[in-house]
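Naming: A, B, ... by sequence-line order, numbering from 1 per chain. Remember, predicted model here, so these are calculated numbers, not experimental data.
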Amino acid sequence: MSVWSFDTETWLIQPGLLAPPLVCGSIAAAAPGSERLLDKAQARQFFREAIAAPDTHLVGANLAYDLGVMAADDPRFVAPIFAALEAGRLHCVQIREALIDIARGLYGVDPSTGRKLDDDEGARYPLALLVQRYLGFDISEDKKNPKAWRLRYAELDGVPVERWPTEAAEYPKRDARYTLDVFFRQEAVARETSNDGNLHAEADQMRAAFALHLASIWGLRTNGDSVAVLRERVEREWGENRAKFQAAGIYRADGTKDSKRLAALVTAAYDGQPPITAPSDRFPEGQVATDRDTLLGSGDALLEDLGKSGRVDKYKSTYLDVVEAGTSLPINPRFNVLVSTTRVSSDYQQLPQKGGIREVHEARPGFVYCSVDYGGLELRTMAQRAIWELGFSKMAEALNSGLDVHTLAAAEFLGASYDELLPKVKAKEPLAVAFRQLAKILNFGKGGGMTGGSLVYNARAKDRVSFCLLAKRADVCGVERVVVTVQRKPKRVCRACVEVAKELDTKWLNAWPEQRELQHRAKSRTYGGGFADVMIPGANILRGGCGYTQILNTPFQGLGAVGCKLAMWRVSREMYVDRRSPLYGSRLVLMVHDELISELLADDAQRMHDAAERKAYLMREAMKETTPDLAPAIEAEPALSRIMSKDVATVRDSSGQLLVWEPPTKRAA
DNA sequence: TGCGCCGGCGCC
DNA sequence: AAAGGGCGCCGGCGCA
């Protein structure tokens, strides 16, 4: 087996161009002095041979980027790249470091300070950091220099390498050397780390990283007319808000917010005893809270108004310019393939469901969006986790029998039978619907360690269930209040409500007895505020240093991510290299935890249908393998649309053929 | 002026 | 005894 590091130098990355033209490559083998600069032709030749050689491994720093460059340089590289990833022959020192740090409980943390690592354009483990960690010297100066060659290789494109300045020729060789040295030192460190530093999971993460990078390269388009309408509306509403609150001094004349003034107003509205935020290093006593809920509960008309009007600020500052850019060039979302739970993170996973931001995204001409998400994924992974850890799960039994687990838990709360309650839920009887809604909050949150106080608060915030009504003591609500902690923030809730919540806790644990045992185990493992290591089942990825709630959360969140990544890989592979698949030629555009969004080729209605069904099938199969004891309960159906929207639904004609969903307004017109 | 921290809030 | 988790982005503030 031979191991080479491989790095490319390219033209600059630009909006809409994440795989810019290749200029040169650099490689290094284990032997000192083996590093070489390769001109464009040599780089192609090296890559062509190495990517196809069954005993050759390639190592990179953010290798997915270089793979994207090579794939764009020559489409004939695409298939061998997929094959090499399948074979586990490609490596990335950044992914490896994340895996090792997760095992240590130090993901994204600087061990010397305990603080979060800076994000370097989305990369939490840039090569400079790894060189510092493993080789003990500082190359960050190279990065800061705006005249550095690393940003200027386009100038050298076409110039014979013999005529390059020394520094331009040396820099790529150095990086190749560093990368491979880091790689081997990671091997040694991993051997000394619990669970071998999780490195056996590297290949899965590499595959996911490449699939995600291809999605980034392809990007998303937006509709110019829609964006113009959106901008007009958002800016008008924003202007109205600003005018309204400027008079009270909440906004200054220059349009910025006066947070101190706002805090003073909140303090006054709460008669000197405002809700405060959690203590921090800088503010050991906490600060005056100014969140929406605090404002809405202030009893002050103006502050309540402000609480209701929060959203357009966010739309304007976060999304407007981005979606506008998408009208002329693809928006390239950025993905981080591996965060501490094995989930994916991205700057494009938080598109608001309301407010019309999603709706400006439109599939390219000749394509249609296809969204497939898993139904209730984390309930299934939670149940699978229980089976693996305890040997049983009532929730798994219910899900596999096709029962609605929210109605089932609600029946437990009401002391009713499932068969009795289900028709009432279907008939939309208010009490039945309210209790099912309540059960949903518990099913969703309690498995992660949610407390009674938080439950009351969440139910109240959603304005769906009156706990005092449940207590048949409506008179006390709002009178006798106790402070509870909700996501590290103190909140005041009614004492009677908390008592009800405790009863519901017990009933919920009766419905899912495996949860009682899981909680008991998590408690005993963190007795006295301790921390413990947790295994993400299936992937056998160890997450170190977990507190109580993380012990409960990590396994089912991580297991879901594992299955989604497997599905994403298989879907992407058919899209890019399997000419016989109906998915061939279609493109993944987003992954949002339990959902894969693609642009499917839409020129042929039958193939579009087949592609959508194939994608959903691959997703179901991947998750069935990931959660084998929940196989009968895995649900994933395709929905087609021209634009993105939370309202997009599966639409079929009478023969079952998939149709493209149309927004309601369009149908009316 | 730049940077880090913090609160707040969007999503799953 | 207590405790949903995971993210990323933005603006404001305070410090250097």
Student: Report which part of the nucleic acid A:K260 touches: base, sugar-phosphate, or nothing (heavy-atom distance under 4.0 Å, all strands).
Tutor: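 Sugar-phosphate contact only.
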
Student: Does A:T341 reach a base, just sugar-phosphate, or nothing at all? Heavy atoms under 4.0 Å.
Tutor: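 Sugar-phosphate only.
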
Student: Just checking A:R358: base, sugar-phosphate only, or nothing, at a heavy-atom cut-off of under 4.0 Å?
Tutor: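 Here A:R358 touches the backbone only, sparing every base.
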
Student: CG of A:L351 to NZ of A:K646: how many Å apart, nearest 0.5 Å?
Tutor: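 Spacing of CG (A:L351) from NZ (A:K646) equals 13.5 Å.
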
Student: Using OP1 and OP2 only, check whether a side-chain N or O of A:Q350 sits under 4.0 Å from C:dG8.
Tutor: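 Checking A:Q350 against C:dG8: no side-chain N or O falls below 4.0 Å of OP1 or OP2.
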
Student: Categorize A:Y315 for me: base, sugar-phosphate, or nothing, with a 4.0 angstrom heavy-atom threshold over every strand shown.
Tutor: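 A:Y315: no heavy atom of the nucleic acid under 4.0 Å.
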
Student: Does A:T318 make a side-chain N or O approach to OP1 or OP2 of C:dC9 shorter than 4.0 Å?
Tutor: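 A:T318 to C:dC9 OP1/OP2: no side-chain N or O under 4.0 Å.
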
Student: Does OP1 or OP2 of C:dG6 have a side-chain N or O of A:S345 closer than 4.0 Å?
Tutor: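 False: A:S345 side-chain N/O out of range (4.0 Å or more) of C:dG6 OP1/OP2.
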
Student: Would you tell me whether A:Y251 and A:N241 have side-chain atoms, one donor and one acceptor, within less than 3.5 Å of each other?
Tutor: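 Absent: no donor and acceptor within the cut-off.
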
Student: Write down the distance between CG (A:L455) and C1' (C:dG4), rounded to a whole number of angstrom.
Tutor: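 Rounded to the whole Å, the gap is 11 Å.
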
Student: Give a yes or no on whether a donor-acceptor pair under 3.5 Å exists between the nucleobase atoms of C:dG8, that is its base, and the side chain of A:D347.
Tutor: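 No.
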
Student: Taking only the side-chain nitrogens and oxygens of A:R525, find out if one of them lies under 4.0 Å from OP1 or OP2 of C:dA3.
Tutor: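 False: A:R525 side-chain N/O out of range (4.0 Å or more) of C:dA3 OP1/OP2.
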
Student: Report yes if a side-chain nitrogen or oxygen of A:R261 is closer than 4.0 Å to either non-bridging phosphate oxygen (OP1 or OP2) of C:dG12; otherwise report no.
Tutor: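 So the side-chain polar atoms of A:R261 never come under 4.0 Å of the phosphate oxygens OP1 or OP2 of C:dG12.
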
Student: Can you tell me if A:T554 touches the phosphate of C:dG5, counting only side-chain N or O atoms and a distance under 4.0 Å to OP1 or OP2?
Tutor: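 No.
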
Student: Quick one: is C:dC9 close enough that its OP1 or OP2 comes under 4.0 Å of any side-chain N or O from A:S317?
Tutor: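 Looking at the OP1 and OP2 atoms of C:dC9, neither is under 4.0 Å from any side-chain N or O of A:S317.
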
Student: Considering all heavy atoms of both residues, which atom of A:E599 and which atom of A:W218 are nearest to each other, and what is their separation?
Tutor: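 Smallest interatomic distance, heavy atoms only, reads OE1-NE1, 3.0 Å.
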
Student: Determine whether a donor-acceptor pair (one donor, one acceptor, N or O, separation below 3.5 Å) exists between the side chain of A:R311 and the base of B:dC9.
Tutor: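 No, the side chain and the base share no sub-3.5 Å donor-acceptor pair.
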
Student: What contact category does A:F444 fall into here, base, sugar-phosphate, or nothing, at under 4.0 angstrom with non-hydrogen atoms?
Tutor: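 It contacts base atoms.
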
Student: Classify the nucleic acid contact of A:A522 as base, sugar-phosphate or nothing, counting any heavy atom under 4.0 Å across all strands shown.
Tutor: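 Result for A:A522 = nothing.
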
Student: Spell out yes or no: do the side chain of A:Q557 and the base of C:dG6 have one donor N/O and one acceptor N/O closer than 3.5 Å?
Tutor: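 No.
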
Student: Could you check whether A:K244 pairs with A:D305 (Lys NZ or Arg NE/NH1/NH2 to Asp/Glu carboxylate O, under 4.0 Å)?
Tutor: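 So A:K244 pairs with A:D305 through a salt bridge.
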
Student: Using a heavy-atom cut-off of 4.0 Å across all strands, would you classify A:G528 as base, sugar-phosphate, or nothing?
Tutor: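 Contact class for A:G528: base.
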
Student: Check the phosphate of C:dG8 against A:R124, side-chain N and O only, distance under 4.0 Å to OP1 or OP2. Yes or no?
Tutor: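 Answer yes for this pair, as a side-chain N or O of A:R124 is under 4.0 Å from OP1 or OP2.
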
Student: Does A:R543 place a side-chain N or O at less than 4.0 Å from the phosphate oxygens OP1/OP2 of C:dG6?
Tutor: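 Answer is yes, contact under 4.0 Å.
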
Student: Heavy-atom nearest nucleotide on DNA chain C for A:T526 versus A:Q550: which residue maps closer to 5'?
Tutor: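 Nearest-nucleotide comparison on DNA chain C picks A:T526.
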
Student: Between A:S112 and A:D110, does any side-chain donor sit less than 3.5 Å from a side-chain acceptor?
Tutor: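 A pair is found: one side chain offers a donor N or O, the other an acceptor, under 3.5 Å apart.
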
Student: Given B:dG10, is OP1 or OP2 found less than 4.0 Å from the side-chain N or O atoms of A:R292?
Tutor: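 Yes, because at least one side-chain N or O of A:R292 sits under 4.0 Å from OP1 or OP2 of B:dG10.
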
Student: Distance check: side-chain N/O of A:Q353 vs OP1/OP2 of B:dC12, anything under 4.0 Å?
Tutor: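 Looking at the OP1 and OP2 atoms of B:dC12, one of them is under 4.0 Å from a side-chain N or O of A:Q353.
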
Student: In whole angstrom, what separates A:Y548's OH from C:dG5's C1'?
Tutor: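 For the pair A:Y548 OH and C:dG5 C1', the rounded distance is 13 Å.
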
Student: With a 4.0 Å cutoff (strictly under), does any side-chain N or O of A:T290 reach OP1 or OP2 of B:dG7?
Tutor: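 The answer is no; no side-chain N or O of A:T290 sits under 4.0 Å from OP1 or OP2.
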
Student: Looking at A:W512, I'd like to know if the NZ or CZ of A:K394 sits under 6.0 Å from its six-membered ring centre while staying within 45 degrees of the ring's axis.
Tutor: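 No; the conditions do not both hold, so A:K394 does not lie above the ring face of A:W512.
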
